[in-house]
Amino acid sequence: MPGGDEISLTPFMQVLERHPPPSGDLATARRRAEEFTFLGSRDANYGHSRSEVWVRLPVEDWAGEGARLMEIDNPSLDRIEVHMVKEDGAVHSSEAGRMLPFAAREVNYRTFIFPISAVQDVAEIFVRIEAGGALLFPMNMYTPDGFLRRTHRDLFLWGAYLGIFLALSAYHLLLFISSRTRHYLHYAGVAGSIMLFQATDSGLTYQFIWPSLPGFNAVAGELFGGSLLLCLIALSRAHLRIGSLAPVLDVIIRAVFAGTAAWMVVTPFLRPAGAMRGLMLLAAVFFLTAGAACYLRGKQGDVPARYHGVALGGFAVAGLGSVLHNLGVLPVTLMTAHGVKIGSMFLLVALAVGVGTNIAEGERDRRRQRAERRRLAGMHDFTTVVTSTLRADQVARYVLDRILGLTPWDCGLFVSLVECPGTVISVAGEWGGWEEGAELNSRQDHSLRSAASRPGLRRVRWEGIGDAGIDDSGRAHLLPIHHNGRLLGVVLAPGEPEPERFKQMQAVLGDFAAQAGNALENARILARAQDRAERDALTGLFNRMGFLPRAQRCILECSGGDRDCALIMLDIDHFKQINDRHGHAAGDEVLRWLGRVLPTLVRDGDLVARYGGEEFVILLPDADAVEARAVAERIRQKVAAGDSAGEKGNRGPVTVSLGVTVLSRGHTALAELIDAADHQMYRAKRAGRNRVAAG
């Protein structure tokens with residue numbers, strides 16, 4: 001046999017393309033034998049075409065001794081008719097194709113094999129070919145021994161190749177079952193879909209799994225290609241976290257997923273060529289979208305995303321080569337003929353690296369999260385306590401107690417360097433006779449600030465502090481409390497532990513100092529915010545919200561201690577006329593003036609507030625009716641005698657009416673006290689204004 005046990009028939013093929021297919025018969029083809037042309041250097045590939053092809057093979061061009069087996073190496077051809085014309089004119093015909101039951105084949109093999117038992121008796125062979133997809137019809141001729149070797153080689157290579165995909169799919173499926181990590185499930189779907197697609201494309205599934213289902217076999221390759229695209233989309237969305245990266249890309253890729261699912265439903269009703277074009281279009285949109293997501297994640301330093309991009313890019317390039325080969329654009333080469341196989345293997349290897357890297361990074365993140373949860377749990381009590389108060393001194397006291405609980409120290413100080421600079425605001429244990437409220441001298445304060453300029457626990461020595469009794473040697477531990485670079489205070493503790501113990505305390509107290517700084521700053525901010533909320537912006541006095549709870553506590557204390565308590569309600573006479581005649585600026589000035597004057601006319605422990613509008617209220621603990629009336633009269637006289645140039649200006653005299661009431665023995669209702677004082681105030685107004693009424 002020329003060329004040995006296996007030869008390619010392409011150089012001997014004469015081809016006649018018929019478009020549209022006329023359902024021609026052998027007699028017509030033989031009559032038109034002169035119209036057949038040699039392929040020459042062209043591959044036996046007409047791309048996606050609706051034509052039928054007749055192939056004529058003159059036996060004398062390639063014949064040798066003995067029986068032969070002719071192979072058409074494309075399991076995806078729809079229908080093949082082979083007519084062997086003998087020298088005596090007799091014709092032996094047979095047919096096969098993926099649209100026919102597998103049992104109709106003369107040789108039980110994945111590709112199309114036609115025995116030629118006595119080549120010497122055959123003058124020529126005519127082959128009619130129909131294809132719903134790529135019209136690709138490479139032909140080979142074998143001796144029986146050559147075909148047997150080819151069969152053994154193919155089964156070994158395909159078994160090894162598909163076995164790798166089966167093992168990868170099963171392995172990652174088991175990983176998913178044990179870990180419930182979706183990346184593994186998606187990867188198992190990709191590997192399984194590739195395995196089934198390649199097995200179907202090679203004809204192995206039709207030979208071994210569903211030989212009696214030609215209808216399903218006709219669309220199985222497209223369906224497995226669709227399932228591969230679905231699994232790739234799911235893996236890419238989860239791996240690249242496209243939803244949080246770029247919502248627009250996520251919308252596109254979700255639309256491709258939905259389109260692929262719909263395409264799989266209608267594929268059985270489409271022509272194979274049209275179905276494959278639709279799948280390729282969806283795949284192109286996916287690869288462009290996923291490629292953009294890989295690029296964006298890669299710019300963020302995401303290493304697994306880079307592996308993912310390399311995997312998709314390599315598979316897309318290799319797959320594109322095979323697609324262009326099937327379309328008849330590229331010639332037959334190793335990469336074009338086996339691009340999908342090579343690209344699939346590259347895809348799975350690169351994806352495995354990417355998924356493994358992603359899982360490893362995820363595990364590291366989970367370990368960091370567990371460590372962070374433990375750290376946060378250790379500070380839970382601290383956070384709960386410090387957020388329950390707005391007083392910085394209480395926060396400082398708890399900070400000091402908490403630090404002593406985390407260290408072997410049994411005593412310490414918290415020195416404020418912001419609210420009350422250089423003042424000890426919390427003391428724990430006995431150390432050098434220090435007490436809360438003690439103030440450092442200027443030398444000590446300067447030494448303390450210099451040593452605390454940088455964050456972190458350190459061992460220090462200041463001669464000034466040592467002289468003041470911090471420690472006989474002047475040595476101590478210092479933990480600065482900073483917030484955004486601002487020094488709020490320091491914690492001081494005596495002694496000097498072993499170096500290893502000191503390093504452990506540095507690690508423990510580093511994060512704690514930052515949390516303490518946040519807590520102290522929050523306490524300061526909240527205290528200021530609450531103070532602003534409880535103060536009248538115009539007069540600077542308490543407003544109603546600030547007055548009522550303080551007044552209620554004062555009344556409860558007075559009632560419980562059987563002490564006197566009085567309340568004065570004050571209203572500016574004809575205040576509306578001041579606003580109408582002289583403008584609201586003049587009225588505001590009157591209110592501001594009263595806000596300055598009223599606190600000077602009462603005792604330090606009395607509560608003065610702007611109750612609303614032009615009304616003011618004054619609570620006088622430990623004052624009886626006589627004392628309260630005297631205070632009210634003093635206020636009335638002061639207001640009426642206001643300096644006309646300073647306080648009155650051009651607006652005329654200002655007077656006030658006041659009502660005075662006292663707390664009944666055993667009563668604690670603030671509302672009743674206010675109502676009673678308000679009633680007396682209106683009695684003063686009805687009596688002519690600019691006077692005091694008591695009752």
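Just so you know, these numbers come straight off a predicted model, no measurement behind them.
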> Only pairs at least two apart or in different chains count here, so list each side chain to side chain donor-acceptor pair (under 3.5 Å) that has a residue in residues 544-557.
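Checked against side chain to side chain donor-acceptor pair (under 3.5 Å) - neighbours excluded - the pairs reaching residues 544-557 are Glu534-Arg550.
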> Can you tell me if Glu435 has over 12 outside heavy atoms packed within less than 6.0 Å of its CD?
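Count not over threshold, so no.
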> Check whether more than 12 heavy atoms from other residues, nucleotides or ligands sit under 6.0 Å from atom CZ of Phe616, and answer yes or no.
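For Phe616, atom CZ is crowded (more than 12 foreign heavy atoms under 6.0 Å).
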> Does Arg691 have more than 12 heavy atoms from other residues, nucleotides or ligands lying within 6.0 Å of its CZ?
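Enclosed: over 12 neighbouring heavy atoms sit under 6.0 Å from CZ of Arg691.
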> Please determine whether the number of non-hydrogen atoms from other residues, nucleotides or ligands lying under 6.0 Å from atom CZ of Arg603 exceeds 12.
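Buried by this count: over 12 neighbours within 6.0 Å.
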> Can Arg535 be said to sit on top of Phe542's aromatic six-ring, NZ or CZ under 6.0 Å from centre and within 45° of the ring axis?
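Yes.
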> Do any pairs count as a side chain to side chain donor-acceptor pair (under 3.5 Å) and have a residue in residues 654-663, sequence neighbours left out, and if so which ones?
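Residue pairs passing side chain to side chain donor-acceptor pair (under 3.5 Å), neighbours aside: Asp573-Thr655, Asp573-Ser657.
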> Mind checking what makes salt bridge (Lys or Arg N to Asp or Glu O under 4.0 Å) contact with Asp678, not counting sequence neighbours?
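Checked Asp678 against salt bridge (Lys or Arg N to Asp or Glu O under 4.0 Å); zero matches.
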> Run the salt bridge (Lys or Arg N to Asp or Glu O under 4.0 Å) test against Asp588 and tell me which residues pass, sequence neighbours left out.
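If we apply the salt bridge (Lys or Arg N to Asp or Glu O under 4.0 Å) test to Asp588, skipping adjacent residues, there are no hits.
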> Can you tell me if Lys685 has over 12 outside heavy atoms packed within less than 6.0 Å of its NZ?
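Count over threshold, so yes.
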> Taking salt bridge (Lys or Arg N to Asp or Glu O under 4.0 Å) as the definition, give me every residue that meets it alongside Arg592, ordered by chain and number, with sequence neighbours left out.
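Applying salt bridge (Lys or Arg N to Asp or Glu O under 4.0 Å) to Arg592 gives Glu589.
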> For Leu413, which of Val490, Val491, Val427 qualifies under side-chain contact (heavy atoms from CB on, under 4.5 Å)?
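The passing option is Val427.
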> Scan the side chains in residues 619-628 for donor-acceptor partners under 3.5 Å anywhere in the protein, sequence neighbours excluded, and list what turns up.
residue: Asp622; atom: OD1; partner: Arg563; partner atom: NE; Å: 2.8
residue: Asp622; atom: OD1; partner: Arg563; partner atom: NH2; Å: 3.4
residue: Asp622; atom: OD2; partner: Arg563; partner atom: NH2; Å: 3.0
residue: Asp624; atom: OD1; partner: Val626; partner atom: N; Å: 3.3
residue: Asp624; atom: OD1; partner: Glu627; partner atom: N; Å: 2.9
residue: Glu627; atom: OE1; partner: Asp624; partner atom: N; Å: 3.0

